[in-house]
Structure formats: structure tokens, C-alpha cells
Amino acid sequence: MRNVLFIISGPSGAGKGTLVKGLMEKRPDLFLSVSVTTRSPRPGEKEGEAYYFVTKEEFERRIADGEFLEYNNHFENYYGTRLADVKRELKKHSVILEIEPCGGFKAAERVKRAGEYAVVLIMITPPSLLALEERIRHRGKETEEQMRERRERVAFELAQAEKYDYTILNDDLETATAELIAIVDKETNKD
Ligand code: 5GP
């Protein structure tokens, strides 16, 4: 067994969250990192579970303090991964970061450079862009402009898949979850 930093990305609406939940049920030994964000909590999101919610000023202070392994400004909000959490937890078990590709590459770079832990990048893709748009439309009250920005963002994120170690097509939830678990099992079982 080895401790691996898994970076899981995919456009919002691709079903990342559900797949990761399925993975965590099967592999409760993994640590799912909780990010810090300046965006407002969505209904049902609890402090310290979905995210640590902070103000922009607080986030910027933390950037200056070097708190983050990586951070990014995404849809006008900051999102960041706490370095101390990842360092502490990687000593004990594998760690999952559910983050977008720019931050993912930064985190991967830094951890690989330190040379102590393996990094595995996994991209989750939606079955079709049309299906993705449907899901996003159902989810919220997005304006046409916001939808256009999202579409560009999705195209950008999917274009990063070739730099990922694995890509999982999420057209069937059960199959995709099984695939994710198999990848994690395989990678953590290496010496
Ligand atoms: P949401 O606002 O829908 O929860 O997340 C928006 C995007 O931010 C998602 O693509 C999510 O993976 C990404 N994200 C969440 N936490 C982090 C983080 O700590 N760092 C980076 N770079 N992206 C994050």
C-alpha cells in the first residue's frame, strides 16, 4: 500500500461529487480534503463539510500567510486547498482533492517536486455536453451570459483531460463509480 494524492476534476454537473461520495463509502480510509472558499454556502452545505466558508479579505490574508497548497479564482470566487491538511493527512493515508484543473496542476507540481508522494490525476467527463447543460439548467437560475461562461469553462476543462492520468466517462453512475474505485485500489496497492 502507498499513500497517493488523488486529484479529481471535471466540469460542474459531470457528477464528480456523487462519484466521490460512492468512492468514500467504499474506501472510508481515504481523506477527502475540505477546501476553503469565498463563495456563499448553497442550501444544505455545512461549514467544514462542503467547504470552509470565508470572506474575500480573510482568503487574501491566508494567501499572504502561505496557507494554500494551491488556490484559484474561479467564477469570481476564490477556492483553495489547505497545505497543512494535505501534508498531515498524506502521512497517514491517501488524500482526495476535488478541484478544477488549473489548481490541480499546481498542486500536482508541488507535491511531485517534493518527491515524497505519488500524484494521480483523474478527470470525470459528462456523457454529452447537452446532458451537462440540462443538468446545470435544472440546478439553478443561470442567466444566458452565465451559461455561456460555463460552456467555455467546460470546454477548457475537458481539453485538459489529455494531461490527466485517467478519464472516466460518467454515462452510468454505477459503472463510473466502480471504475473510480478500481483506479484508486490499483494505484494505492502499488508499492
Ligand atoms: P462549486 O462552487 O461548484 O462547489 O465548485 C466550483 C469549482 O471549484 C469545481 O470545479 C471545484 O472542483 C473547484 N474547487 C473546489 N475546491 C477547490 C480548491 O480548493 N481549489 C481549486 N483550484 N478548485 C476548487
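Counting convention: from 1, in listed order, for ligands and their atoms alike. One is the number of the first residue; the rest follow in order along the sequence.
Under the 6.0 Å distance and 45° angle rule, K46 does not count as a cation-pi partner of F53.
Residue N72 approaches ligand 1 through these ligand atoms, each under 4.0 Å from one of its heavy atoms: 22 (N). Below 4.0 Å from some heavy atom of G103 lie the following atoms of ligand 1, by number and element: 22 (N). Short contacts between ligand 1 and K16, defined as distances under 4.0 Å to a heavy atom of the residue, involve ligand atoms 9 (C), 10 (O), 11 (C), 12 (O). Atoms of ligand 1 lying under 4.0 Å from at least one heavy atom of R42, given by number and element, are 1 (P), 2 (O), 3 (O), 4 (O). For ligand 1 and R39, the ligand atoms under 4.0 Å from any heavy atom of the residue are 1 (P), 2 (O), 4 (O). Against a heavy-atom cut-off of under 4.0 Å, E100 is close to the following atoms of ligand 1: 10 (O), 12 (O), 13 (C), 21 (C), 22 (N), 23 (N), 24 (C).
Enclosure of atom NZ in K190 by more than 12 non-hydrogen atoms of other residues, nucleotides or ligands within 6.0 angstrom is indicated.
We find that E67 and R82 are joined by a salt bridge, their nearest charged nitrogen and carboxylate oxygen being less than 4.0 Å apart. Under a 4.0 Å N-O distance rule, the pair K56/E60 qualifies as a salt bridge.
Considering each of I124, L69, I99, I8, the one bringing a non-hydrogen atom nearest atom 18 (C) of ligand 1 is I99. Counting only non-hydrogen atoms, the option in P11, S35, S40, G17 that gets closest to atom 19 (O) of ligand 1 is S35.
Between Y71 and ligand 1, a contact under 3.5 Å exists for no N or O pair. Between T81 and ligand 1, at least one N/O pair is under 3.5 Å apart. By the 3.5 Å distance cut-off applied to N or O atoms, G80 is counted among the residues near ligand 1.
Taken to the nearest 0.5 Å, the CD1 atom of I8 stands 10.5 Å off from the CD1 atom of I99.
Note on ligand 1: Y51 sits in its first shell, one or more heavy atoms being nearer than 4.0 Å. Using a non-hydrogen distance threshold of 4.0 Å, K106 does not register as a contact of ligand 1.
Between Y78 and F59, the two ring planes are parallel [angle under 30°; tilted spans 30° to 60°].
Residue pairs meeting the ring pair (Phe, Tyr, Trp, His ring centres under 6.0 Å) criterion with at least one partner in residues 168-191, sequence neighbours excluded, do not occur; the list is empty.
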Which pairs of donor and acceptor atoms, one on a side chain in residues 91-98, lie under 3.5 Å apart (sequence neighbours left out)?
unit_1	atom_1	unit_2	atom_2	d
H93	ND1	D29	O	3.1
H93	NE2	E89	OE1	2.6
S94	OG	V4	N	2.9

TODO: Would you check, one step at a time, whether the test ring pair (Phe, Tyr, Trp, His ring centres under 6.0 Å) holds for Y164 with F105?
DONE: CA-CA 9 Å; Y164 274 59; F105 295 137; 5.6 Å; yes
